[in-house]
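Residue indices begin at 1 and follow the sequence shown. Counting starts at 1 for both ligands and their atoms, following the listed order. Just so it is clear, the model here is predicted, and its values are computed rather than measured.
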Amino acid sequence: MPLVAGVDSSTQSCKVVIRDAETGALVREGRAAHPDGTEVHPDAWWSALTEAAEQAGGLDDVAAISVGGQQHGMVALDEQGEVVRPALLWNDTRSAGAAEDLTRELGGPQAWADAVGLVPVASFTVTKLRWLADAEPGNAARTAAVCLPHDWLTWRLAGSPGLDGLRTDRSDASGTGYWAAATGEYRTDLLRLAFHDRHQPIVPVVLGPAESAGTTAAGALLGPGAGDNAAAAFGAGARPGDVLVSIGTSGTVFSVADTPANDPSGIVAGFADVTGRFLPLVCTLNAARVLTTAAAMLGVDVDRLSELALDAPAGADGLVLVPYLEGERTPNKPHASGAVHGLTLRTGTPAHLARAAVEGMLCALADGLDALRAQGATVNRVILVGGGARSEAVRRIAPEVFGLPVVVPPPGEYVADGAARQAAWVATGTAPQWTVKDTQEYGGTPVPAIREQYAAARELTVDRH
Ligand SMILES: Nc1ncnc2c1ncn2[C@@H]1O[C@H](COP(=O)(O)OP(=O)(O)O)[C@@H](O)[C@H]1O
Ligand SMILES: O=C(CO)[C@@H](O)[C@H](O)COP(=O)(O)O
C-alpha cells in the first residue's frame, strides 16, 4: 500500500497528512505553527514543514508529496536562489496604492478582468511586486525570480535545483495577476508593468494537474501543488452545485466551474482549479480571527464564545459587528477597521456581542455567495471547512444567514487532503476517488433580517486613509 503526503502551508500553521494512496485512509499527521505577521521569512515555513513532517513520522516512506499553500505571497529570490527579503503575505495591505496605480495604468478594472480574470487588490502578487519596485528598488533589482509560498516549498523539497527548476500549478499561478486562467498563459507584459517595464524576473513553469515537479532526495515524486483554496475544493470532493465556504484566517467562498470568471467589479476572482477547470472565488481578510478576537474581548475561549452566541436571539436584537479587523479586501477597504453598531442597554451583553461577531463574519461571506451567483454559479448547498467550521455556533447560524443547507465534513485538514490527492494522482496516474464520509447537515429557517441590518451597518463603516 503506497503512502502519499499532502501539505497545507497556510497562514497560521503547517499541516502534514499521510494517506494510503489507494483508499485515502489517514495514516499519520502532524502540524506546526507559523509566526504571526503579514511579512514572514520563508525559512519559517520550511522549519514548520520540517517539524510537522517529523511529527507525522517523517516523509521517507511516501511515494509522492504535494504542497498546498496560502495564495499570492511574494517570495523574491536572487540569482543564487537566496530570499531577497521576507515574503509579503496575501493579507498584507501595504500595496493597496500600487493596486490602484496598476488598475489605472492598464486602462481600468475591465481591462484587468479581461487580461487575467481579476482586478488588482493588495492581496495579489503583482501589486506586491509594484510595491517592491517603488519602495525597495534595490531589492527589486536583485529579484532574479519570483514565486509563491507553495512553489518555494516544492522547490526546497526538490533540493533547490536552480531558478529554472521553479514549478507552480494553474491554481496558484492564477492568483498572481500575471497569469491568465482563461488562456493558460503568462502575461509577461503585466509582470514587467509591475516593475515599470524595467525588469522581468524568472517565474515558475506552470504544471498541469498530474504533472510532477521533480523528486525529493529520498526519491518521492513531487506533485504540482496548489493554492490552498483549490486544494480544499479537491480535498472536500466538491460536486456541481456545491459552494465551499472556508473559515480560516481568510474567509473564502468558491466553487468549481467549467468557464473562467470575468468580474470587473473585482469581487469574484477568476482563479483556476486543480483539475484543469476554474475556481471563481471571493475572499475576505477577516474570518476565524473575528471569532478569536471576540472571544478575547469577552475573556473566554472559542467554545464558550459559541455557547454565548447561541444564547442570544437571531439578529442579536440589532447589534451588528462589521468585522474589518485587518482592513478588508471584499469590499475593497484596505484601511478600514471593525465597528459595532446598535449598542444599547439591552444589547450590551456578552451573548449579544458573541452572536454579532458570528453573524457579522458570516454576513460578509454571504455577500460573497451573492457575487458568485451573479457570476453564474449554481448554489444548491454550502460545504463549510476551515478551523472556524469547528464552531457549533458557526455551523448552526450559517443556514440562517446563507439561506441554504450547510454541510460540514468531519473536522479535518481538507487543504492538506487535496494536496495528498494530487500526490496520489501523480504517483498512480489516476485521480483518486476517495470519499468524505460522516458529513453533518445543518438546516434552519433563513432569517433575512440578519443580512438586512448588516448591510445597513456595513455602509456606515468608513475606509480610513
Ligand atoms: N472551535 C473553534 N471555533 C472557532 N475558531 C476555531 C476553532 N478551532 C479553530 N479555530 C480557528 O481557526 C483558525 C485556524 O483555521 P485554519 O483553517 O487552519 O486557518 P489557516 O488555514 O488560515 O491557517 C484559527 O484562527 C483558530 O483559532
Ligand atoms: O488570499 C486568499 C485567497 O485569494 C487566501 O485564502 C489565502 O490563500 C490564505 O488562506 P488561509 O491561510 O486563510 O487558508
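A search for salt bridge (charged side-chain N to carboxylate O under 4.0 Å, His left out) contacts involving Arg94 returns Glu39, Asp92, not counting sequence neighbours. Applying the side chain to side chain donor-acceptor pair (under 3.5 Å) rule to Thr125 yields no partners; only residues at least two apart in sequence or on another chain are considered.
His72 NE2 to Asp228 CG: the interatomic distance, rounded to the nearest 0.5 Å, is 8.0 Å.
Within 4.0 Å of ligand 2, protein heavy atoms come from Ser10, Thr11, Gln70, Gln71, His72, Trp90, Asp228, Asn229, Thr249, Ser250, Thr252, Phe271, Leu281, Cys283, Arg329.
Between His335 and Tyr324, the distance separating the two ring centers is not shorter than 6.0 angstrom.
Between Glu400 and Arg355, at least one side-chain N (NZ, or NE/NH1/NH2) sits under 4.0 Å from a carboxylate O, which counts as a salt bridge.
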Check ligand 1 for close polar pairs with the protein: N or O on both sides, less than 3.5 Å.
from	atom 1	to	atom 2	distance (Å)
ligand 1	8 (N)	Gly387	O	3.4
ligand 1	15 (O)	Gly387	N	3.3
ligand 1	17 (O)	Gly387	N	2.9
ligand 1	18 (O)	Lys15	NZ	2.7
ligand 1	21 (O)	Ser10	OG	3.1
ligand 1	21 (O)	Lys15	NZ	3.4
ligand 1	22 (O)	Thr249	N	2.8
ligand 1	22 (O)	Thr249	OG1	2.5
ligand 1	23 (O)	Ser10	OG	2.7
ligand 1	23 (O)	Gln12	N	3.1
ligand 1	25 (O)	Gln12	NE2	3.0

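The shortest non-hydrogen separation linking His352 to Pro313 is NE2-CD, 4.3 Å.
Under the 3.5 Å distance criterion, with hydrogens and angles disregarded, a donor-acceptor pair is assigned to the side chains of Arg395 and Gln440. Asn229 and Thr252 share a donor-acceptor pair across their side chains, judged by distance under 3.5 Å alone.
For the pair Arg170 and Phe278, the cation sits on the ring face: its NZ or CZ lies under 6.0 Å from the ring centre, inside 45° of the axis.
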